[in-house]
Amino acid sequence: MSEGLAKTTAVILAAGQGTRMKSALPKVLHTIAGRPLVHYPVRAALEAGCGEVVVVVGHGREHLERYLGEAFGASAAAAGRIPQAWAQRVKTAVQKEQRGTGDAARSGLEAVGADAERVLVFYGDVPLLTADDVANVAKLLDEDAAAAVALATCTTDDPFGYGRVMRDALGQILEIREQKDLKSDAERAIKEWNPGIYAASVKFLNEALASLKPNNAQGEYYLTDIVSFATARGERVVGVPSRPEVMDGVNDRAQLAVADRTMAERLVRKHREAGVTVREGARIEDSVVVEKDAIVESFAVLRGFTRVGSGSLVDVGCVLTNADIGEGVTLKPYSIVTDAIVRARAQIGPFSHLRPESDIGEEAHVGNFVETKKTRLDRGAKANHLAYLGDGFVGENANIGAGTIFCNYDGFSKQVTRIGKGAFIGSDSQLIAPVTIGDGAYVGTGTTVTRDVPADALAIGRMKQENKEGYASRLRGKLKAQKEAAAAKKKSGA
Ligand code: UD1
Ligand code: CA
């Protein structure tokens with residue numbers, strides 16, 4: 001973070017509807033790598049050290065304000081998701097009617113704090129840029145005392161759709177002209193374009209934005225016209241050559257997909273550099289934390305505020321959403337963990353489903369086709385096959401047999417099942433909650449438990465078995481005779 005930008009306010013424009021997205025959701029709330037587009041430019045401004053960030057909102061304003069409050073407010077800082085110093089730095093300004101980027105910047109400027117000296121304006125739909133990319137523009141303005149505006153520029157072979165940088169014969173920037181306002185093939189052939197990061201003093205911007213007129217192809221107030229405003233007054237505008245690969249704006253779903261892939265690749269690279277093995281095809285969202293020496297296999301998807309502890313294996317096809325995975329955990333293929341905790345060295349899967357508020361203890365085992373919800377397994381407890389464990393507590397080293405069901409729901413309310421330390425629940429048992437099985441108790445296979453079982457007791461609730469000698473061959477004879485009689489009857493009837 002640079003001290004240099006403490007008196008710089010970032011104004012981020014995000015009030016537009018994003019017509020080209022064809023969506024009910026405001027454009028900047030569409031996500032890449034698990035976070036809304038707008039998240040990234042706001043974070044870039046904060047990381048660059050801007051003293052204040054003003055996000056201009058309009059279309060879908062309530063949604064956007066709620067998101068920014070959650071992601072950059074005090075609660076995010078308290079949860080350790082953002083540095084403490086960031087909380088309270090992000091505010092919003094409202095653009096009532098979406099009359100263009102110049103009008104949006106004007107709305108933003110009204111909210112800029114009194115002690116700000118300089119403003120960096122950029123767009124909420126350019127998610128791949130980083131703190132350095134914006135800081136460089138402010139730095140150039142500092143270095144060139146004669147410049148009224150500094151802006152980023154990019155040069156690529158196909159800048160279709162972007163505003164072009166028009167220069168005079170000496171190479172000085174004169175104007176930014178929008179695609180729709182280009183007048184000739186020669187202008188359309190200009191390869192230098194405007195990615196949309198501007199730095200200027202508060203004073204200059206106030207004057208420039210007040211002068212804007214909507215006399216262009218789209219009938220809008222263009223922020224880009226601050227450039228011709230400066231040059232017409234004989235003031236200098238300077239360009240910072242910038243990285244085109246991080247400056248693509250997202251205007252439609254195809255560009256959203258490209259930005260999403262680029263961000264995902266950047267994140268994979270980051271994790272690999274930090275000592276995580278990430279196989280081809282794995283997907284890790286921006287908000288996820290993965291510790292060193294974890295292995296994330298192909299087609300695993302790590303979402304939301306998931307954390308994976310060091311040395312853990314997330315095998316093929318696992319989907320983790322806000323999962324807290326401890327150290328040395330093994331998640332075998334195709335396990336789903338949502339809003340749940342798995343503690344150190346536990347083993348999960350394949351095909352386990354840990355639903356919200358599950359808490360799987362150290363060295364516990366949860367196996368194939370076991371579903372848990374709001375259930376805690378203490379250290380070393382095991383449920384290895386085919387079970388539903390909802391609203392329960394399973395004590396240390398207890399063993400839950402295949403086919404066990406915690407019958408937690410009577411159609412009206414949820415009830416709790418408690419299983420003591422070292423208890424043994426035989427296969428195919430139903431535990432009708434509320435019910436408690438004492439420490440070390442034993443439930444016989446196939447038992448429907450309706451009453452509490454004391455510690456160390458055996459509960460068994462099945463019919464006594466009877467063996468009838470020779471019955472099987474008598475039965476087979478009877479069935480064979482019936483079949484022959486039916487065949488004979490059919491033949492004579494035909
Ligand atoms: C803009 C630039 C263009 C540049 C391109 C870079 C202008 C006039 N054009 O074009 O030179 O090459 O970005 O990506 O600035 N917004 C508002 N209020 C409005 C209109 C827009 O807040 O009234 C916000 C949008 O939410 C969006 C951003 O401003 O986040 C940019 O608007 P958009 O319409 O996408 O501009 P471009 O056509 O991409
Ligand atoms: Ca855009």
Side-chain angles (χ1 to χ4, degrees), residues 10-21 23 25-30 36-42 54-61 63-64 92-111 121-129 133-134 137 149 151-156 158-166 173 175-182 187 190-198 208-209 212-229 237 239 242 244 246-256 258-259:
V11 172
I12 297 173
L13 310 186
Q17 176 176 8
T19 326
R20 289 166 277 181
M21 295 298 284
S23 175
L25 191 69
K27 175 168 72 178
V28 296
L29 286 181
H30 284 263
L37 293 176
V38 73
H39 186 94
Y40 301 99
V42 171
V54 174
V55 182
V56 181
V57 299
H59 189 84
R61 175 189 160 183
H63 281 118
L64 205 51
T92 55
V94 180
Q95 182 194 21
K96 290 205 183 66
E97 229 185 297
Q98 280 65 68
R99 298 188 297 173
T101 52
D103 180 64
R106 201 150 51 195
S107 305
L109 217 61
E110 284 166 17
V121 187
F122 46 110
Y123 301 130
D125 66 349
V126 183
L128 298 172
L129 52 70
D133 297 308
V134 292
V137 179
V149 181
L151 53 85
T153 86
C154 291
T155 303
T156 52
D158 182 18
F160 182 83
Y162 290 109
R164 303 300 210 286
V165 179
M166 319 285 286
I173 295 174
E175 165 186 359
I176 305 291
R177 195 170 292 171
E178 292 306 294
Q179 176 78 38
K180 286 181 179 155
D181 298 297
L182 296 171
E187 287 183 1
I190 294 172
K191 291 186 164 49
E192 191 182 13
W193 52 277
N194 166 38
I197 307 170
Y198 319 83
L209 294 174
L212 298 182
K213 304 247 155 26
N215 48 8
N216 50 55
Q218 302 186 86
E220 288 185 355
Y221 293 91
Y222 285 171
L223 171 58
T224 43
D225 286 347
I226 63 171
V227 174
S228 51
F229 173 81
V237 175
S242 301
V246 301
M247 294 297 177
D248 280 329
V250 173
N251 300 307
D252 58 31
R253 308 259 181 174
Q255 289 167 330
L256 184 74
V258 173

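Indexing begins at 1, ligand by ligand and atom by atom, following the structure's order.
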Only counting residues at least two apart or in another chain, list the ones meeting ring-ring contact (aromatic ring centres under 6.0 Å, His included) with Y221.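 ring-ring contact (aromatic ring centres under 6.0 Å, His included) check on Y221 returns nothing, list empty.
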
Heavy-atom cut-off of under 4.0 Å around ligand 1: list whichever protein residues fall inside it, by chain and number.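 Within 4.0 Å of ligand 1, the protein residues are L13, A14, A15, G16, R20, K27, Q95, Q98, R99, G100, T101, A104, Y123, G124, D125, Y162, G163, E178, N194, P195, Y222, T224, N251.
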
Can you tell me how far apart OG1 (T224) and CE (M166) are? Round to the nearest 0.5 Å.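 With rounding to 0.5 Å, OG1 (T224) is 12.0 Å from CE (M166).
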
Those residues that, when tested against Y198, pass side-chain hydrogen bond (donor to acceptor under 3.5 Å, both in side chains) (two or more places apart):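 So Y198 forms a side-chain hydrogen bond (donor to acceptor under 3.5 Å, both in side chains) with Y123, N194.
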
Could you tell me if the side chain of L223 sits less than 4.5 Å from the side chain of L13, heavy atoms only?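 A side-chain contact exists here, since the closest heavy-atom pair is under 4.5 Å.
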
With a 4.5 Å limit on heavy-atom distance, are the side chains of R253 and S23 in contact?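 Counting from C-beta outward, R253 and S23 do come under 4.5 Å.
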
So which protein N/O/S atoms does the Ca ion (ligand 2) have within less than 3.0 Å?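 Per the 3.0 Å query on the Ca ion (ligand 2), atoms found are D125 OD2, N251 OD1.
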
What heavy-atom pair brings L209 and R106 nearest, and what distance separates the two atoms?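 Scanning both residues, the minimum pair turns out to be O-NH1, 2.8 Å.
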
Hey, which of V134, V55, I12, I197 is the one that makes side-chain contact (heavy atoms from CB on, under 4.5 Å) with P41?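 Single pass found, and it is I12.
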
Lys/Arg-Asp/Glu bridge criterion (N-O < 4.0 Å) met for E175, R177: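 So E175 pairs with R177 through a salt bridge.
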
Quick one about Q255 and D248 (side-chain donor to acceptor, distance below 3.5 Å, no hydrogens or angles considered), yes or no?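 No, Q255 and D248 have no side-chain donor paired with an acceptor closer than 3.5 Å.
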
